[in-house]
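These notes are about the structure you will find just below.
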Amino acid sequence: MQKFAIFALGASILATVANAQVVELPESFNRFDISGVKLGDSPDTIIATLTERGFECDFSKMMNSDGTVINSNGHAGTMECETTDHVQSHRGPIHRAEMTLDFGNLDLSGTGTDASKVFATYIKFSENYPDQPNIETMNARLTGKYGELDYNNYNKTWSKTGSSSPDLEERHAAYTDQEKQCDGLPRAERIAKFECSLKEAELHYAYLAGRPANLTARYWIGSNSYYSSIEITAHWTHWDAVRSIRRTAAVTEELLAEAKAAPPEIDENVETTF
């Protein structure tokens with residue numbers, strides 16, 4: 001484990017960059033607190049929170065060799081944390097709790113190294129209990145914290161879809177209308193087609209930014225084990241789609257630049273006198 005250190009990050013998580021346009025995440029966005037850590041938190045905030053709770057964090061998978069923050073088209077690496085407290089198992093001591101986090105970078109260019117734009121997009125938390133709480137106890141604790149949850153008795157799992165942006169339908173309509181306009185353009189009109197596609201991408205970003213995050217929890221008691229375990233996952237799944245769209249838009253930007261730089265085609269049927 002690396003020694004605890006502060007990233008010196010800003011706390012702003014409200015914007016994502018796409019073609020120089022800022023898309024704001026809605027206030028309704030569910031961040032799902034798990035052991036004090038929330039979706040959208042900066043690494044700085046997460047390390048401070050978990051250290052206070054007895055965790056040690058390894059953030060080496062978030063750093064380049066020169067000490068800058070990883071930025072792979074909006075993916076900013078992974079952090080792994082675990083408690084110094086242990087639980088006894090039939091195979092020996094294991095960590096009482098562990099947490100794995102994936103991070104995004106609001107600078108989707110893949111080149112930006114501004115750590116203030118890094119935020120948590122995925123949290124996976126697991127905890128082991130030597131006293132083995134029963135299903136009813138765990139259900140009461142989860143619903144007490146997260147409100148009403150859907151429960152699957154067969155898989156012993158709980159799930160919840162967070163809130164969408166209040167204007168999600170309008171965002172979706174704007175995106176689909178632009179998509180139809182782009183589909184209606186002739187392929188021969190390359191510049192207009194590329195420009196339309198970039199506008200479509202901007203509206204697609206806005207729509208995805210308004211989509212909800214998801215929470216799932218699974219609890220099990222092993223018949224031959226010394227302990228029981230819970231696994232809670234919070235994920236803003238649409239961030240991966242945003243990153244994919246950005247990569248496609250980057251290619252479109254290159255093609256647009258090439259199309260604008262190309263010399264005009266000469267119509268041999270037009271007569272000139274010079």
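Side-chain atoms are counted along with the backbone in the values below, which use heavy atoms only and exclude waters and symmetry mates. Heads up: numbering here begins at 1 and tracks the sequence.
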Could you tell me whether the side chain of [X] and the main chain of [Y] form a donor-acceptor pair under 3.5 Å?
{"X": "Asp167", "Y": "Glu170", "value": "no"}
{"X": "Thr49", "Y": "Val37", "value": "no"}
{"X": "Thr176", "Y": "Ala173", "value": "yes"}
{"X": "Asp33", "Y": "Gly36", "value": "yes"}
{"X": "Asn64", "Y": "Asp66", "value": "no"}
{"X": "Thr252", "Y": "Thr248", "value": "yes"}
{"X": "Lys156", "Y": "Asn153", "value": "yes"}

Please find the pair of heavy atoms, one from [X] and one from [Y], that lie closest to each other, and give the distance.
{"X": "Lys193", "Y": "Pro186", "value": "CD-O, 4.2 Å"}
{"X": "Ile46", "Y": "Met79", "value": "CG2-SD, 4.2 Å"}
{"X": "Tyr219", "Y": "Met138", "value": "CE1-CE, 3.8 Å"}
{"X": "Ile221", "Y": "Ser228", "value": "CG1-CB, 3.6 Å"}
{"X": "Ile47", "Y": "Cys57", "value": "CG1-CB, 4.5 Å"}
{"X": "Arg190", "Y": "Ala259", "value": "NH1-CB, 3.9 Å"}

Side chains of [X] and [Y] in contact at under 4.5 Å (non-hydrogen atoms):
{"X": "Pro212", "Y": "Ser164", "value": "yes"}
{"X": "Tyr205", "Y": "Ile245", "value": "yes"}
{"X": "Thr78", "Y": "Leu101", "value": "no"}
{"X": "Thr233", "Y": "Phe125", "value": "no"}
{"X": "Glu148", "Y": "Thr143", "value": "no"}

Interatomic spacing from [atom1] in [X] to [atom2] in [Y] - rounded to 0.5 Å:
{"X": "Glu253", "Y": "Phe194", "atom1": "CD", "atom2": "CZ", "result": "12.0 Å"}
{"X": "His204", "Y": "Arg171", "atom1": "NE2", "atom2": "CZ", "result": "12.5 Å"}
{"X": "Leu203", "Y": "Cys182", "atom1": "CG", "atom2": "SG", "result": "9.0 Å"}
{"X": "Glu195", "Y": "Leu185", "atom1": "CD", "atom2": "CG", "result": "10.0 Å"}
{"X": "Gln178", "Y": "Asp183", "atom1": "CD", "atom2": "CG", "result": "10.0 Å"}
{"X": "Met99", "Y": "Leu50", "atom1": "CE", "atom2": "CG", "result": "5.0 Å"}

Exceeds 12 heavy-atom contacts within 6.0 angstrom, atom [atom1] of [X]:
{"X": "Lys61", "atom1": "NZ", "answer": "no"}
{"X": "Glu169", "atom1": "CD", "answer": "no"}
{"X": "Lys160", "atom1": "NZ", "answer": "yes"}

Next on the checklist: As a test of understanding, state which of Ile123, Asn30, Leu149, Thr161 forms a side-chain contact (heavy atoms from CB on, under 4.5 Å) with Leu215.
Outcome noted: Leu149

Item to check | Salt-bridge contact Arg31-Asp41 (side-chain N to carboxylate O under 4.0 Å) | outcome: yes

Item to check | Glu200 and Lys180 ion-paired at < 4.0 Å | outcome: no

Next on the checklist: Holding to side-chain hydrogen bond (donor to acceptor under 3.5 Å, both in side chains), I want the full list of residues that pass it with Ser89, two or more places apart in sequence or in another chain.
Outcome noted: none

Next on the checklist: The test is side-chain contact (heavy atoms from CB on, under 4.5 Å); show your working for Thr121 and Thr237 and say whether it passes.
Outcome noted: CA-CA 8 Å; Thr121 62; Thr237 57; over 6 Å; no

Item to check | Pair Thr216-Thr157, side-chain contact (heavy atoms from CB on, under 4.5 Å): steps then yes or no | outcome: CA-CA 7 Å; Thr216 59; Thr157 58; over 6 Å; no

Parallel, tilted or perpendicular: which describes the rings of [X] and [Y], with under 30° parallel and over 60° perpendicular?
{"X": "His235", "Y": "Tyr122", "value": "perpendicular"}
{"X": "Phe119", "Y": "Trp236", "value": "tilted"}
{"X": "Tyr146", "Y": "Phe32", "value": "perpendicular"}

Throw together a table of side-chain donor-acceptor distances under 3.5 angstrom for residues 126-136, partners on residues two or more places apart or in other chains.
from: Glu127; atom 1: OE1; to: Tyr129; atom 2: OH; distance (Å): 2.9
from: Glu127; atom 1: OE2; to: Arg96; atom 2: NE; distance (Å): 3.4
from: Asn128; atom 1: OD1; to: Ser229; atom 2: OG; distance (Å): 2.7
from: Asn128; atom 1: ND2; to: His95; atom 2: O; distance (Å): 3.0
from: Asn134; atom 1: OD1; to: Glu136; atom 2: N; distance (Å): 3.3
from: Asn134; atom 1: OD1; to: Thr137; atom 2: N; distance (Å): 2.7
from: Asn134; atom 1: OD1; to: Thr137; atom 2: OG1; distance (Å): 2.8

Next on the checklist: Between Trp220 and Tyr227, is there shared hydrophobic-cluster membership here, with clusters defined by ILVMFWY side-chain heavy atoms closer than 4.5 Å?
Outcome noted: no

Checklist entry - Any chance the side chains of Trp158 and Asp150 put a donor and an acceptor closer than 3.5 Å? => result no

Checklist entry - Any luck finding a side-chain donor-acceptor pair between Asp58 and Ser60 under 3.5 Å? => result yes

Checklist entry - Checking side-chain contact (heavy atoms from CB on, under 4.5 Å) for the pair Ile191/Lys260: CA distance, chi angles, key distance, verdict? => result CA-CA 7 Å; Ile191 291 179; Lys260 288 184 174 181; 4.0 Å; yes

Item to check | Pair Phe103-Met62, side-chain contact (heavy atoms from CB on, under 4.5 Å): steps then yes or no | outcome: CA-CA 8 Å; Phe103 292 86; Met62 298 183 62; 3.6 Å; yes

